[in-house]
Colleague: 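Input: one structure, supplied below.
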Amino acid sequence: MSAPKDDRTFGENDLEVFQALVEQSAFALHNAMAHQAASEKLQMDAELHRASEIQRILLPEADPVVPGFAIAGRNIAARVLSGDFYDYVSLGKDRWGACIADVSGKGTPAALISAMARSVLHCHAGNASSPAAALAAVNRQLCPDIREDMFVSMIYLVLEANASEITFARAGHTLPLLWRKSTGEVEELKSGGLAVGIDKGAVFERVTKNVTFTMEVGDCLLLYTDGVNEALDGKGLEFGEKRIYKNLAAHAPNGPEAVIDHLIQDVEKFLGGRRSHDDITLIAVQKTA
């Protein structure tokens with residue numbers, strides 16, 4: 001007959017066995033949790049990688065061949081997913097549209113809004129009477145679906161084969177820069193404009209205007225996102241607009257690819273091996289004939 005529970009005694013050996021069992025159980029539980037966390041991370045990384053591949057597919061496969069112009073574009077994501085994008089739209093009758101955009105924030109939310117903005121632009125660009133009208137249509141459709149703390153800055157331009165005039169509209173984006181071959185100087189193309197997603201329509205459409213300018217043979221236009229000018233070095237100093245002006249003036253004579261290549265190289269050198277905190281996207285357009 002066993003002794004009553006209250007009369008049981010435990011020796012030092014029992015305590016050691018119990019302690020060993022507790023330690024083994026804790027170790028097994030820790031391993032199981034670590035394995036589960038690692039498995040979930042691998043799955044999440046794989047999903048992000050697949051999303052990144054899909055996002056890269058949405059970027060242009062090649063720059064368009066437009067008689068009278070040379071065009072180059074580039075996107076460098078700061079993370080797996082990018083909140084920036086650039087794209088081209090064939091409008092028929094020897095007309096093309098080009099767009100550059102930057103979604104506020106980073107990561108998956110910015111990437112989703114970026115994909116939405118691209119798709120909506122493609123949906124409306126062909127029927128829009130002007131770049132400002134195209135951006136207005138994008139804003140009307142996207143604004144209800146964008147969180148209050150998010151917005152999209154965009155520039156959309158339309159050019160025609162062998163023409164000298166280009167028309168663009170700016171939705172809160174960094175100002176376009178134009179290098180004039182005749183003077184060797186860089187000028188800002190000023191315009192108003194409110195970022196997509198801030199206002200539902202009336203104010204946006206009142207301040208977002210079409211701007212038409214003329215390009216002579218050799219002139220080079222540069223569109224870029226703020227990941228370029230706001231790149232930070234190890235001391236927290238910004239790359240800034242002056243370096244962009246200098247790069248554009250120095251390399252525009254060699255074409256749009258040279259402008260983009262050297263500007264990216266200069267930013268990477270400025271970062272000193274550090275990873276950029278923001279996406280970098282550029283489009284350069286040069287008048288060739």
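This chain uses plain numbering: 1 for the first residue, then up along the sequence. Note that the structure is predicted; figures quoted are calculated from it, not measured.
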Colleague: For residues S90 and W96, report the shortest heavy-atom separation together with the two atoms involved.
Modeller: CA-CD1, 4.1 Å

Colleague: Taking side chain to side chain contact (heavy atoms under 4.5 Å, CB included) as the criterion, tell me which of V103, N139, I198 meets it with F151.
Modeller: I198

Colleague: Cut-off 3.5 Å, side chains only: do N247 and D266 have a donor facing an acceptor?
Modeller: yes

Colleague: Is there a donor-acceptor contact under 3.5 Å linking the side chains of D226 and T174?
Modeller: no

Colleague: For a quick test of reading the model, state the closest non-hydrogen atom pair linking T208 to L135 and the distance between them.
Modeller: CG2-CD1, 4.3 Å

Colleague: Answer yes if the side chains of T214 and S164 hold a donor-acceptor pair under 3.5 Å, and no otherwise.
Modeller: no

Colleague: If Ile, Leu, Val, Met, Phe, Trp and Tyr residues are connected whenever their side-chain heavy atoms lie under 4.5 Å apart, and connections chain through other members, are M116 and I146 in the same group?
Modeller: yes

Colleague: Report the residues that fulfil ring pair (Phe, Tyr, Trp, His ring centres under 6.0 Å) with H262, sequence neighbours left out, ordered by chain and then residue number.
Modeller: H251

Colleague: Should we say atom CZ of F204 is surrounded by more than 12 heavy atoms from elsewhere, each under 6.0 Å from it?
Modeller: yes

Colleague: So, using ring pair (Phe, Tyr, Trp, His ring centres under 6.0 Å) as the criterion, who are the partners of H124 when residues are at least two apart?
Modeller: none

Colleague: Shortest non-hydrogen contact from E205 to A136?
Modeller: CG-CB, 3.6 Å

Colleague: Where do A98 and Y88 come nearest, in terms of heavy atoms and distance?
Modeller: CB-CD2, 3.9 Å

Colleague: Between the side chains of E187 and Y245, does any donor sit under 3.5 Å from an acceptor?
Modeller: no

Colleague: For the pair N210 and S130, evaluate side chain to side chain donor-acceptor pair (under 3.5 Å) and give the outcome as yes or no after the intermediate values.
Modeller: CA-CA 7 Å; N210 294 305; S130 69; 3.0 Å; yes

